[in-house]
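Numbers for residues simply follow the sequence, beginning at 1. Atoms within each ligand, like the ligands themselves, are counted from 1 in listed order.
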Amino acid sequence: MKVGDTHYRSIWFDQASGQVQIIDQRWLPHEFRVVDLRTRDDFARAIRDMWVRGAPLIGATAAYGVAVQMALDASDESLSETWNILHETRPTAINLRWALDDMTALLLPLPIKARAAAAFARAHEICDQDVECNRQIGLHGLQIIKTIAAGKKTGEVINILTHCNAGWLATVDWGTATSPMYHAHQAGIPVHIWVDETRPRNQGALLTAWEMNSHDIPHHLIVDNAGGHLMQHGQVDLCIVGTDRTTAHGDVCNKIGTYLKALAAKDNDVPFYVALPSPTIDWTVKNGIAEIPIEERSDIEVTHVQGRSPDGSIGEVQISPDGTPGGNPAFDVTPRRLITGLITERGVCEASPEGLAALFPDRVLP
Ligand code: MRU
């Protein structure tokens with residue numbers, strides 16, 4: 001998508017320097033910084049410390065991490081060590097394991113000399129596939145928005161609430177939840193986005209708002225607690241969120257606070273959709289609440305907030321008393337009964353084993 005007038009992806013292979021480059025998202029929206037990732041440790045740090053984040057982008061980054069390591073040492077030991085090192089960086093987003101398994105299955109049968117080239121080719125392909133999946137999600141989601149628009153007066157604004165950042169920065173391009181919004185905006189449908197700030201890391205305030213600004217999509221940043229009130233007052237036509245792991249039975253694990261939005265949406269008859277590319281489905285898990293590991297992050301993310309000071313410097317301030325500990329579960333699970341539909345690259349389905357099986361008959365359900 002756009003940064004100024006330039007088209008960017010969130011990760012790419014730079015032919016000129018021969019390096020994998022990313023947008024270092026820790027500094028957005030205040031500074032736009034591009035950095036090289038040169039070693040396996042760089043990739044692990046970038047994922048763990050959220051220089052990159054968002055389930056699909058974490059997967060794409062891991063794929064390039066394997067490729068970079070294969071160029072240094074393509075032995076079986078190096079491959080399995082890389083799987084372990086990258087896998088332990090973030091436990092919840094399933095795209096990470098999906099990408100590592102995919103790369104390993106491709107590379108292991110190959111002669112050692114062929115592995116680096118094959119790994120880079122597959123990493124490029126994973127990125128391209130993510131872009132295409134998200135474009136398709138956007139086209140399917142656009143139909144939902146068009147249907148809502150058809151029930152309104154001509155030109156009336158459609159208000160969409162989203163949580164966290166499931167935008168192009170969380171994927172390779174387009175985003176998942178934001179792709180229908182971008183497509184609707186490009187089609188001339190008047191949309192307005194309620195952007196949840198998404199404490200504690202504020203991905204909504206820092207990243208989604210930046211994306212909406214950059215693409216001139218009307219939006220307001222709201223505190224996480226405002227959604228229920230807006231829904232009660234008819235100011236939300238639909239919610240679209242992303243997901244870090246969706247079970248084969250249709251439960252959705254996403255950024256902490258998603259569940260509360262889904263409850264409020266159900267109580268107010270507001271359609272609640274989840275947008276996801278198929279690598280985000282964990283076909284091995286039935287019961288999301290019992291089986292998905294929820295990442296517990298540092299309490300500093302709760303007790304402190306990062307922002308820009310009037311002098312332009314970016315820093316953190318403490319917002320709680322010395323000695324008060326923070327609790328920081330990073331994700332929650334929204335049960336399928338609260339979800340109106342799943343928007344995938346193959347179409348929209350009910351959040352249920354039957355709904356997913358109809359779209360993905362090639363997958364075996366547990
Ligand atoms: O902790 P993050 O920033 O990696 O969490 C991101 C989210 O929860 C997104 O909503 C999710 O990955 C879906 S992304 C397209």
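Taking distance alone, with nitrogen or oxygen atoms compared against 3.5 Å, Gly54 approaches ligand 1 more closely than that limit. Taking distance alone, with nitrogen or oxygen atoms compared against 3.5 Å, Arg53 approaches ligand 1 more closely than that limit.
For His30, the NE2 atom counts as densely surrounded, since its 6.0 Å shell holds more than 12 non-hydrogen atoms of other residues, nucleotides or ligands. Enclosure of atom CG in Asp311 by more than 12 non-hydrogen atoms of other residues, nucleotides or ligands within 6.0 angstrom is indicated.
The aromatic rings of Trp210 and Trp168 lie tilted to each other, with the angle between the two planes from 30° to 60°. Classified by interplanar angle (parallel below 30°, tilted 30° to 60°, perpendicular above 60°), the ring pair His192/Trp194 is perpendicular.
Not close to ligand 1: Ala330, with no non-hydrogen atom less than 4.0 angstrom away. Taking a 4.0 Å cut-off on heavy atoms, Ala93 fails to register as neighbouring ligand 1. Using a 4.0 Å cutoff on heavy atoms, Glu295 does not count as a contact of ligand 1. Proximity of Arg201 to ligand 1 is not established, as no heavy-atom distance is less than 4.0 Å.
Aromatic ring centres of Phe43 and Tyr64 lie farther apart than the 6.0 Å criterion allows.
Near Asn165, meaning under 4.0 Å from one of its heavy atoms, ligand 1 places the atoms 9 (C), 10 (O). Counting atoms of ligand 1 from 1 in the listed order, those under 4.0 Å from a heavy atom of Phe331 are 1 (O), 5 (O), 8 (O). Close contacts between ligand 1 and Thr171 involve ligand atoms 15 (C) [criterion: under 4.0 Å to a heavy atom]. Below 4.0 Å from some heavy atom of Arg90 lie the following atoms of ligand 1, by number and element: 1 (O), 2 (P), 4 (O). Listed by number with element, the atoms of ligand 1 under 4.0 angstrom from any heavy atom of Gln203 are 1 (O), 2 (P), 3 (O). Set against the non-hydrogen atoms of Pro56, the atoms of ligand 1 under 4.0 Å away are 14 (S), 15 (C).
Protein heavy atom nearest atom 15 (C) of ligand 1, with residue, atom name and distance: Thr176 OG1, 3.0 Å. The nearest heavy-atom contact from the protein to atom 10 (O) of ligand 1 is Asn254 OD1, 2.8 Å. Closest protein heavy atom to atom 14 (S) of ligand 1: Ala170 CB, 3.7 Å. Here the protein heavy atom with the shortest distance to atom 5 (O) of ligand 1 is Lys255 CE, 3.3 Å.
The two atoms that bring Val270 and Val236 nearest to each other are CG2-O, 3.7 Å, heavy atoms only. In terms of heavy-atom proximity, Val191 sits nearest to Met181 at CG2-O, 4.3 Å.
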Side-chain atoms of residues 140-147: list all donor-acceptor pairs with protein atoms under 3.5 Å, sequence neighbours left out, distances to 0.1 Å.
{"unit_1": "His140", "atom_1": "NE2", "unit_2": "Glu345", "atom_2": "O", "d": "3.2"}
{"unit_1": "His140", "atom_1": "NE2", "unit_2": "Gly347", "atom_2": "N", "d": "3.4"}
{"unit_1": "Thr147", "atom_1": "OG1", "unit_2": "Gln143", "atom_2": "O", "d": "2.8"}

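In this structure, Arg135 forms no cation-pi arrangement with Trp174, as its terminal cationic atom is not both closer than 6.0 Å to the ring centre and no more than 45° off the ring axis. Both the sub-6.0 Å distance and the 45° axial angle are satisfied by Lys255 relative to the ring of Phe331.
Between atom 8 (O) of ligand 1 and the options Thr162, Val274, Asp244, the minimum heavy-atom separation is to Asp244.
The residue His163 has no part lying near ligand 1, judged by heavy-atom distances below 4.0 Å. With a heavy-atom cut-off of 4.0 Å, Thr280 does not touch ligand 1 at all. Counting heavy atoms closer than 4.0 Å to ligand 1, residue Ala55 contributes atoms from both its backbone and its side chain.
Side-chain N or O atoms of Ser78 include one that pairs as donor or acceptor with a backbone N or O of Asp73 at under 3.5 Å. In this structure, the side chain of Asn328 engages the main chain of Ser298 through a donor-acceptor pair within 3.5 Å.
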